[in-house]
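Residue numbers start at 1 and run along the sequence shown.
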Amino acid sequence: MYPSLLPYSPERDVYRLLQVEPNANREEIQAACRRLARTFHPDRNQSTRAHEEMQIVNAVRHLLSDPSARAAYDGARRRFLYDGYRPEPTYRRARVVPPAASFQSFGPPLTGLSWRARAMRLARAVAAGMRGVLAEFGPPRCPACRELIEVGDRYCATCGDWLGRTEKLPGA
């Protein structure tokens with residue numbers, strides 16, 4: 001019995017596992033399955049999980065070789081990725097709460113916080129904003145070691161990292 005690959009989740013994306021495009025033809029999929037089978041076959045791989053990995057490879061091969069099963073998988077994948085569909089868990093019903101206002105908060109509410117906690121939160125937000133402004137408009141720095149660099153340099157003098165083209169340096 002093959003493990004189930006539905007409902008779709010990004011952690012179990014078969015195209016990512018096989019390292020092929022979703023519109024790959026049958027020959028490309030068979031070659032990728034053979035490559036993984038050679039890697040995970042229990043006769044060649046002495047890992048304790050080799051048997052489970054080989055079962056997953058067989059399930060992927062079985063899923064993608066059957067046109068109707070592949071169409072069902074692609075439909076579930078498309079709904080998840082493009083339509084925002086998320087399968088509802090079977091153990092709990094989702095409760096739909098209408099939005100209270102058009103403003104959407106990105107953190108915990110401030111109503112239960114003390115004045116000191118609010119001030120600290122504001123100070124962290126201001127500091128993050130200042131770091132962003134300095135990174136954008138400050139002197140150019142090496143992306144690897146953050147040391148100051150000259151505008152015409154191609155390599156960092158401190159760490160030797162490649163800085164790229166001289167016309168478009170960060171912060172220049």
Just verifying a value: how many Å separate [X] [atom1] and [Y] [atom2], rounded to the nearest 0.5 Å?
X   : Y   : atom1 : atom2 : result
N45 : H51 : CG    : NE2   : 13.0 Å
Q55 : F40 : CD    : CZ    : 13.5 Å
M54 : S47 : CE    : OG    : 13.5 Å
C33 : H62 : SG    : NE2   : 12.0 Å

Fill in: Residues that R49 engages under side chain to side chain donor-acceptor pair (under 3.5 Å), provided they are two or more places apart
E53
Practice prompt. Only counting residues at least two apart or in another chain, list the ones meeting side chain to side chain donor-acceptor pair (under 3.5 Å) with T48.
Written response: none
Worksheet item: Would you say the side chain of R61 lies within less than 4.5 Å of the side chain of V14, judging by non-hydrogen atoms?
Response: no
Discussion item. Can you confirm whether L36 sits close enough to L17 that some side-chain heavy atom of one is under 4.5 Å from a side-chain heavy atom of the other?
Written reply: yes
Worksheet item: For the side chain of E28 and the backbone of N25, is there at least one donor-acceptor N/O pair under 3.5 Å apart?
Response: yes
Fill in: Residues forming a ring pair (Phe, Tyr, Trp, His ring centres under 6.0 Å) with Y15, sequence neighbours excluded
none
Worksheet item: Could you go step by step and tell me if L63 and R70 meet the side-chain contact (heavy atoms from CB on, under 4.5 Å) rule?
Response: CA-CA 6 Å; L63 175 84; R70 184 176 180 180; 5.5 Å; no
Worksheet item: Looking only at heavy atoms, what is the nearest atom pair of R44 and R38, with distance?
Response: CD-O, 3.7 Å
Worksheet entry | Heavy-atom pair with the smallest gap, counting every atom of P42 and A50 | CA-CB, 4.2 Å
Worksheet item: Taking ILVMFWY side chains as joined if any heavy atoms are under 4.5 angstrom apart, and letting links pass through other members, which residues group with L148?
Response: none
Worksheet item: Using links of under 4.5 Å between side-chain heavy atoms of ILVMFWY residues, direct or through other members, which residues join V126 in one cluster?
Response: L122, M130
Fill in: Donor on one side chain, acceptor on other, Y73 and D66, under 3.5 Å
no
Worksheet item: If you count the non-hydrogen atoms of other residues, nucleotides and ligands that lie under 6.0 Å from NE2 in H41, is the total more than 12?
Response: yes
Worksheet entry | Residue R35 excluded, over 12 heavy atoms near CZ under 6.0 Å | yes
Item to complete: Could you list the residues that satisfy side-chain contact (heavy atoms from CB on, under 4.5 Å) with A31, not counting sequence neighbours?
Response: none
